[in-house]
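In what follows, a single structure is set out as structure tokens and then discussed.
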Amino acid sequence: NAGVTQTPKFQVLKTGQSMTLQCAQDMNHNSMYWYRQDPGMGLRLIYYSASEGTTDKGEVPNGYNVSRLNKREFSLRLESAAPSQTSVYFCASRESGANVLTFGAGSRLTVL
Amino acid sequence: DQQVKQNSPSLSVQEGRISILNCDYTNSMFDYFLWYKKYPAEGPTFLISISSIKDKNEDGRFTVFLNKSAKHLSLHIVPSQPGDSAVYFCAAKGNNRLAFGKGNQVVVIP
């Protein structure tokens, strides 16, 4: 099915470990986003990429890096994971000129 | 600083009755508003939206009302069905990105 695919779905890390969350979309969308969802906090924007080759910080970028590898793929990297980064991470994409974001199924990350 | 606010974190409603969810925003530059629905262990899915130039948009059982002067929007679901039990997020678009509220948990009682 067309859409946004995130890997892995689940991951457990120890404090200080690094990892990369992968996201790919096959809808030819220009813009891609990474959000995190925490209980009582809603969805908060970490980073976004308005188009291939550009990335910008969102509300909560500290501790994360991103790479817009090509038009399809947008990865989120945690260089040194902290327990405060325990969360559910959602990738989303949007077509140019459209207002609706299409979300992936999420990646649940636990940092011990 | 939360730009999109959803109070009343949870709502229980009897099947067949109306569910009303409220959302307030602070940034007058927002030009488009959306509601998303989220089931456990799934990503949010788009439900309904409204442009800032309109005051009402209807899609089947779902209606969104926008009051720009009050910076307030609401989602009406009527009649509510058990399958509507989910978390509902209000979102506002500005500057190429969406700002989300904290979400409302809706439970529809059969």
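To find a chain, count down the sequence lines: A is the first, B the second, and so on, and within it residues start at 1.
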> Gln81(B) side chain to Gly83(B) main-chain N or O, any donor-acceptor pair under 3.5 Å?
Replying inline: no

>> Determine whether a donor-acceptor pair (N or O, by modelled atom type, separation under 3.5 Å) exists between the side chain of Ser85(B) and the backbone of Val108(B).
In response: yes

> Under the criterion side chain to side chain contact (heavy atoms under 4.5 Å, CB included), which of Phe33(B), Trp35(B), Phe65(B) is the partner of Leu75(B)?
Replying inline: Trp35(B)

Does atom [atom1] ([X]) have a neighbourhood of more than 12 heavy atoms from anything else shown, all under 6.0 Å?
X	atom1	result
Ile53(B)	CD1	no
Met29(B)	CE	no
Arg44(A)	CZ	yes

> Of the listed residues (Pro39(A), Gly40(A), Ser31(A)), which shares the most heavy-atom pairs with chain B below a 4.5 Å separation?
Replying inline: Gly40(A)

Identify the heavy atoms of [X] and [Y] that sit nearest to each other, and give their distance.
X	Y	value
Ser51(B)	Tyr32(B)	CA-CD1, 3.7 Å
Ser87(A)	Asp38(A)	OG-OD1, 2.8 Å
Gly43(B)	Phe90(A)	CA-CE2, 3.5 Å
Phe89(B)	Gly101(B)	CD2-O, 3.4 Å

>> Does any backbone or side-chain atom of Leu45(A) lie under 4.5 Å from a heavy atom of chain B? Answer side chain, backbone, both or neither.
In response: side chain

>> Heavy-atom cut-off 4.5 Å, strictly under: side chain, backbone, both or neither for Gln6(A) against chain B?
In response: neither

> Yes or no on salt bridge (Lys or Arg N to Asp or Glu O under 4.0 Å) for Arg61(B) and Asp84(B), after CA distance, side-chain angles and deciding distance?
Replying inline: CA-CA 11 Å; Arg61(B) 298 185 295 112; Asp84(B) 296 330; 2.7 Å; yes

Toward chain A, the part of [X] with a non-hydrogen atom under 4.5 Å:
X	result
Ala41(B)	backbone
Leu34(B)	side chain
Asn104(B)	neither

> Should Ile50(B) and Leu47(B) be counted in the same cluster of Ile, Leu, Val, Met, Phe, Trp and Tyr side chains packed under 4.5 Å apart?
Replying inline: yes

Positions in [range] that reach chain B, provided some heavy atom is under 4.5 Å away:
range	answer
residues 70-84 of chain A	none
residues 92-107 of chain A	Arg94(A), Ala98(A), Asn99(A), Val100(A), Leu101(A), Phe103(A), Gly104(A), Ala105(A)
residues 10-23 of chain A	none

Side-chain donor-acceptor pairs under 3.5 Å in residues 12-23 of chain B, sequence neighbours left out?
| from | atom 1 | to | atom 2 | distance (Å) |
| --- | --- | --- | --- | --- |
| Ser19(B) | OG | Ser80(B) | OG | 2.7 |
| Asn22(B) | OD1 | His72(B) | NE2 | 3.3 |

> In terms of side-chain heavy atoms, does Ser69(B) have a donor or acceptor partner in Asn67(B) at a distance below 3.5 Å?
Replying inline: yes

>> Please tell me whether Asp31(B) and Ser52(B) have a donor and an acceptor in their side chains that are separated by less than 3.5 angstrom.
In response: no

>> Apply side-chain contact (heavy atoms from CB on, under 4.5 Å) to residues Arg68(A) and Tyr48(A) and explain how you reach the verdict.
In response: CA-CA 9 Å; Arg68(A) 185 72 184 268; Tyr48(A) 69 103; over 6 Å; no

